[in-house]
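The next block holds one structure in the form of structure tokens; read it before the comments.
Every heavy atom of this structure was used, including side-chain atoms; hydrogens, water molecules and symmetry mates were not.
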Amino acid sequence: MTSLRDLGLTELPEVLGEAGSLVDHPLTGADAVVVAVAPAGAGEEGVEPRPGTVDAAARYGIDLVDLAARNGLTGRAGESAVLDLPRALPGRDFGWDALPGRLVLLGVGDAGPAAMRKVGSALCRATVGLGTVVTPVGTLAGSTGLAALLEGFWLTAYRGPRLAQAERPGKPPAARLLLLGNEGDTAAIAATRTAATATVRARFLAATPSNVKNPQWLAEQARELATGVPGVSVEVHDEAWIRAQGMGALLAVGSGSATPPRLVTVTYDPRRRGGRTIALVGKGITFDTGGISIKPREAMVGMKTDMAGAAAVLATVLAAAELQVPHRVVGVLALAENAFGASSYRPGDVVRAYDGTSIEVSNTDAEGRMVVADAMAWVRDTARPDVLVDVATLTGAVTLGLGRTHAGLYATDDSLAAALEAAGELSGERTWRLPLVDSYRHALDSAVADISHQARDPHVSGGSITAALFLQHFAGDTPWAHLDIAGAGRATKAHDEIPEGPTGYGARLLLRWLQDL
């Protein structure tokens, strides 16, 4: 079986906090020094020095503020200027020979979390192919800014799966980042690394081609990733078990595929009980043809990422265990391939979910809500969670409304919604709360079943809302939130720390929320 390592998944570059400043640090063995500038104050032109600029100017004997101006830097976050210093001719000494040969100037803007994430991304791009990079920029904005800086650096270092025989094009990220003045931030650096690793894992799984990634393969990756993680257990349930449990919705979606569905639970039990039980459910459609309601070719191309919700849930549970959050976290991965075959489920079919609800099918391409509904009903019954959150690349409608920078957030509890919104702001994975419009519920009425899985009233639009209303039925009385990540989970163009393709959205948001809960 092809493993994640076979596909090219590697560890993130090393980051260390060290004492001292650029004035007294020997810089031995370093390949680059990175310093910062910011926009000048109100009514002034040019840029102002920030951490390391003055010290580096003293070490190198170069006016770096003037250099920034000559390179057109305004100090805006993410701007960069790279100076590769020439080496002196024999007999000449400019005092640079013992110093790193590359100087990088970064604009840091207002040094807020969003700005520092851009800074970290620019730092990564400006130092590719190098060994050790030294910078004091991590001292600029406290622990929140440091975390954002490192997220930007590590997430830009991400490189997706590769099956080619030729070597990967381009240079790898810098091997090591030394943060001067951050010697006391070891725990914060480690926690941020865990969060970034969660996002990278979610991205990598979602980017894996679907001829490699079917429900069985993804279930085995969950086992492999959880091996050796204290407090984490994995259970993989096959189609016979799914049928015996009465999960007719999950079974129906996977019925047309040669690779049958799986339900996987990844559970973290903390050593010390006393916290809450949190259930996380992830949509895991390993490829989506649309089934009998088949998609156009163009709409099908990116559907290897339709399990991004399950990937985010898996990565979150593993990261929560690594950070030893005090809550029991039960992650449920509802895995199926929505294929076109002789045994595919059909529009007009009525299937019965785990909780006994009969569902009238009107469009087999609205399969995500089917598998999530069964998983939600099952985990609510078996784990008795205090809070239930599902994550799914659910509807194109949410992308039309919010684009690709925000996930649609629905919730039955205002405090839960506020906590997820706050976690999204801190993690850079932002949400926008949308309403569960009660007057739209009638659109899900069915003449032959308890509920229709898609709105049947042509006068009711709001496809993301009606999908959320369908899922709410299966949350029961449990406080519940739904993250529709169809837009935020996929990027059509790379920018800053976001690659083209799957973004890994949701892992850092959920982890931040669990830490703050």
Go through the steps for Val137 and Met116 under the test side chain to side chain contact (heavy atoms under 4.5 Å, CB included), then give the verdict.
CA-CA 9 Å; Val137 176; Met116 293 304 287; 4.1 Å; yes
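- Within 6.0 Å of atom CZ in Arg276, 12 or fewer heavy atoms from other residues, nucleotides or ligands are found, so the atom counts as exposed in its surroundings.
- Using the six-membered ring where Trp is involved, Tyr158 and Phe204 have ring planes that are perpendicular, over 60° apart on the 30 and 60° scheme.
- Shown here for Leu73 and Ser80, the closest heavy-atom pair between the two residues is CD1-O, 4.0 Å.
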Yes or no on side chain to side chain contact (heavy atoms under 4.5 Å, CB included) for Tyr60 and Leu99, after CA distance, side-chain angles and deciding distance?
CA-CA 8 Å; Tyr60 283 91; Leu99 297 173; 3.7 Å; yes
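- By the 4.5 Å heavy-atom criterion applied to side chains, Leu22 and Val35 are counted as neighbours.
- For Ser121 and Asp496, the side-chain atoms include no donor-acceptor pair closer than 3.5 Å.
- For Thr412 and Gln472, the side-chain atoms include no donor-acceptor pair closer than 3.5 Å.
- Without hydrogens or angle criteria, His327 side chain to Leu517 main chain gives a donor-acceptor distance under 3.5 Å.
- If you check the side chains of Arg512 and Ser427, you find no donor sitting under 3.5 Å from an acceptor.
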For Thr478 and Met376, run side chain to side chain contact (heavy atoms under 4.5 Å, CB included): C-alpha distance rounded to whole Å, both residues' side-chain angles, the deciding distance at 0.1 Å, then the answer.
CA-CA 10 Å; Thr478 305; Met376 284 173 56; over 6 Å; no
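- No hydrogens or angles considered: nothing links the side chains of Trp480 and Asp413 as a donor-acceptor pair under 3.5 Å.
- By the 6.0 Å contact criterion, CD on Glu11 is open, its count of non-hydrogen atoms from other residues, nucleotides or ligands being 12 or less.
- A salt bridge is absent between Glu421 and Arg433; no separation between the charged side-chain nitrogens and carboxylate oxygens falls under 4.0 Å.
- Salt bridge Arg490/Asp306: present, at least one basic N to carboxylate O contact under 4.0 Å.
- Salt bridge status for Asp55 with Arg59: absent, with no side-chain N to carboxylate O gap under 4.0 Å.
- Under 3.5 Å, the side chains of Asp484 and Ser464 contain a donor-acceptor pair of N or O atoms.
- Within the model, atoms CZ of Phe287 and CE of Met303 stand 7.5 Å from one another, a figure rounded to the nearest 0.5 Å.
- Checking Tyr268 against Ser233 by side-chain atom types alone, no donor-acceptor pair falls below 3.5 Å.
- The nearest pair of heavy atoms linking Gly504 to Ala202 is CA-CB, 3.9 Å.
- Between Ser210 and Met307, every side-chain heavy-atom pair lies at or beyond the 4.5 Å cut-off.
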Step by step, would you call Ser3 with Glu224 a side chain to side chain contact (heavy atoms under 4.5 Å, CB included)?
CA-CA 9 Å; Ser3 71; Glu224 185 174 323; 4.2 Å; yes
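- Formation of a donor-acceptor pair under 3.5 Å by the Trp154 side chain with backbone atoms of Pro13 is found in this model.
- The closest donor-acceptor contact from the side chain of Thr53 to the backbone of Ala36 lies under 3.5 Å.
- For the atom pair OG1 of Thr197 and CG of Leu225, the computed distance is 11.0 Å after rounding to the nearest 0.5 Å.
- One finds a salt bridge joining Arg201 and Glu322 here, because a Lys/Arg side-chain nitrogen approaches an Asp/Glu carboxylate oxygen to under 4.0 Å.
- Contact annotation: the side chain of Thr135 never approaches that of Leu178 to less than 4.5 Å [non-hydrogen atoms, C-beta and beyond].
- Residues Ala481 and Leu420 approach most closely at CB-CD1, 3.5 Å, considering heavy atoms.
- Note: Met300 CE to Asp288 CG = 8.0 Å, rounded to the nearest 0.5 Å.
- Salt-bridge annotation for Arg508 and Glu429: present, with a side-chain N of the basic residue lying under 4.0 Å from a carboxylate O of the acidic one.
- More than 12 heavy atoms of other shown residues, nucleotides or ligands fall within 6.0 angstrom of atom NZ in Lys213.
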